[in-house]
Amino acid sequence: MNALIQSLQEKIGLTADQAKDAANHMMEYIKERVPASMHEHLDMAAIGESIKTKDAEFLAQAQTKGSDFLHTAQEKVSSFLHTKES
């Protein structure tokens, strides 16, 4: 949450303690009003990462897992068909 705290200090002129308190309150306030599934995105934004970065990582992991699954399925089907032919 340091990125949010630093932004509050620079743009509004709050002290470090004031900015930390304000950031904590803002995060609690927003999290109370959005679905829990959004909390991780809010946390990422507060530390300075974009949601797009997190989503890109998730997509890359999903593609890898999907590819692994398809490869394993292909091997099993191939093995099954070869066993049937024997």
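Note that the CD atom of Gln6 and the NZ atom of Lys11 stand 10.5 Å from one another [nearest 0.5 Å]. Here the straight-line distance linking atom CD1 of Ile5 with atom CG of Asp21 works out to 9.0 Å at 0.5 Å rounding. For the atom pair Met44 CE and His39 NE2, the distance stands at 15.5 Å (nearest 0.5 Å). Note that NE2 of His25 and CD1 of Ile30 are 9.5 Å apart. Values are rounded to the nearest 0.5 Å.
Residues Leu14 and Ala22 share a closest heavy-atom pair of CD1-CB, 4.2 Å. Taking both residues in full, the closest heavy atoms of Lys31 and Asp43 are given as NZ-OD1, 2.7 Å, listed atom of the first, atom of the second, then distance.
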Under 3.5 Å, which donor-acceptor pairs link side chains of residues 67-76 to any protein atom two or more places apart or in another chain?
from: His71; atom 1: NE2; to: Glu75; atom 2: OE2; distance (Å): 2.8
from: Thr72; atom 1: OG1; to: Asp68; atom 2: O; distance (Å): 3.0

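No side-chain heavy atom of Lys20 sits under 4.5 Å from any side-chain heavy atom of Leu8. Using a 4.5 Å heavy-atom threshold, the side chains of Met26 and Leu42 count as separate. Within the 4.5 Å cutoff, the side chain of Met1 has heavy atoms near those of the Asn24 side chain.
At most 12 heavy atoms of other shown residues, nucleotides or ligands fall within 6.0 angstrom of atom CG in Asn2.
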